[in-house]
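Worksheet: one structure, shown below.
Just so it is clear, the structure is predicted and the values come from calculations on it, not from any experiment. All ligand and atom numbering here is 1-based and tracks the order in the structure. Heavy atoms only: backbone and side chains are in, while hydrogens, waters and symmetry mates are out.
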Amino acid sequence: MVEILSDYELDKMRAAGKLVAKILRELEKEAKPGVSTKYLDDVAQRIIKEAGGSAPCVGYGNPPFPAAICTSINDEVVHGIPTDDIILKDGDIITCDVVAELDGFCGDAARTFLIGNVDEKTKLLVQRTKEAFFKGLEQVKIGNRIGDVSHAVQEYAESFGYGVVRVLTGHGIGREMHMEPDVPNYGKPGRGPRIVKGMAFCVEPMINMGTEKVLLCDDEWTIVTADGKPSAHYENTIIITENGPEMTTFEEE
Ligand code: MF3
Ligand code: CO
């Protein structure tokens, strides 16, 4: 069942989303060569604490995820664990995926940042992954179906020969970070749940330079591309209001 939020609850989603946007803004400034991924997690944790919020990722799952954010570098697709000994270097790309809860509601967003001089091919992958999100967003309209969004993302990403990750999807969000429905990055138009006012979900293309296939690492969290080629990610939380879709985690650059 897909939960429908009241106007009052949508307002709380806006507040949580704003906090996530603020964290991503700070992380973008801090992500430089020489910085550890643990330091980035510390920055996120501090901002969440100052805002009086909490970090649903801490302790989530089994084995319990040990950090507030996921930091995934180069061929890591998602769920990279921040540590002291992973240090950003020139030419890396890093995805920061941030979930924060404020006053009982969640925001979730991810960005892939460029560290120093990144090669052109990889830069294009990052840019087109963001564009794939916005192709999906064009289909987020009251009366459309989730499959319309999924299809638009897939069609755009595959037009460049990229691999669209299948085993991970976007998701509903609200009082919890992962709720119904699933929001795949591939699919057929006209299929899936209908988009109605009061819904809240995340669209999050995870796009690989090469094969769509991914592997789970021994830490039981980090997911990497099967061919070792880079992967990019772009995510926002979207709420459906009577005026249409609104990204709670997005601010103009
Ligand atoms: N934003 C991530 C997602 O939607 C949250 C991962 S949960 C964690 O998949 F525990 F791995 F952090
Ligand atoms: Co998400």
Which of the ligand 1 atoms, numbered from 1, are nearer than 4.0 Å to a heavy atom of [X]:
{"X": "M177", "result": "7 (S)"}
{"X": "H171", "result": "4 (O)"}
{"X": "D108", "result": "1 (N), 4 (O)"}
{"X": "E204", "result": "4 (O)"}

Would you say M199 ends up clustered with V140 if hydrophobic residues are merged whenever their side chains have heavy atoms under 4.5 Å apart, either directly or through other cluster members?
yes
Checking side-chain hydrogen bond (donor to acceptor under 3.5 Å, both in side chains) for the pair Y60/H178: CA distance, chi angles, key distance, verdict?
CA-CA 11 Å; Y60 180 79; H178 291 150; 3.0 Å; yes
What pairs of donor and acceptor atoms, side-chain ones from residues 183-193 against any protein atom, are under 3.5 angstrom apart with sequence neighbours left out?
residue	atom	partner	partner atom	Å
N185	ND2	E204	O	3.1

Under 4.0 Å, heavy atoms only, figure out whether ligand 1 is touched by the backbone of C57, its side chain, both or neither.
both
Is the shortest distance from a heavy atom of G61 to ligand 1 less than 4.0 Å?
no
Please give me the minimum heavy-atom distance between C96 and L24, naming the atom from each residue.
O-CD2, 3.8 Å
Can you give me the closest heavy-atom contact between I48 and V99, atom names plus distance?
CD1-O, 4.2 Å
Nearest protein heavy-atom contact for atom 2 (C) of ligand 1: which residue, which atom, what distance?
D97 OD2, 3.3 Å
Protein contact to atom 11 (F) of ligand 1 [nearest heavy atom, distance to 0.1 Å]:
W221 CZ3, 3.1 Å
Return a yes/no value for Y60: is any of its N or O atoms, backbone included, closer than 3.5 angstrom to an N or O of ligand 1?
no
If you measure every N/O of H178 against every N/O of ligand 1, is any gap under 3.5 Å?
yes
For residues 102-118, which residue pairs pass the side chain to side chain donor-acceptor pair (under 3.5 Å) check, not counting sequence neighbours?
K12-D103, T95-T112, D108-H171, R111-N236
Winner among H233, E235, H79, M206 once heavy atoms are compared against atom 9 (O) of ligand 1
H79
Please name all residues satisfying salt bridge (charged side-chain N to carboxylate O under 4.0 Å, His left out) with K213, sequence neighbours left out, ordered by chain then number.
none
Identify the residue among V78, D75, V167 that makes a side chain to side chain contact (heavy atoms under 4.5 Å, CB included) with V214.
V167
Would you say CZ of F250 has more than 12 non-hydrogen atoms from neighbouring residues, nucleotides or ligands within 6.0 angstrom?
yes
Please determine if D7 and K197 form a salt bridge, counting it only when a charged side-chain N lies under 4.0 Å from a carboxylate O.
yes
Within a strict 4.5 Å, meaning less than it, do heavy atoms of the Y156 and F134 side chains meet?
no
Number of protein N/O/S atoms that sit closer than 2.8 Å to the Co ion (ligand 2)
4
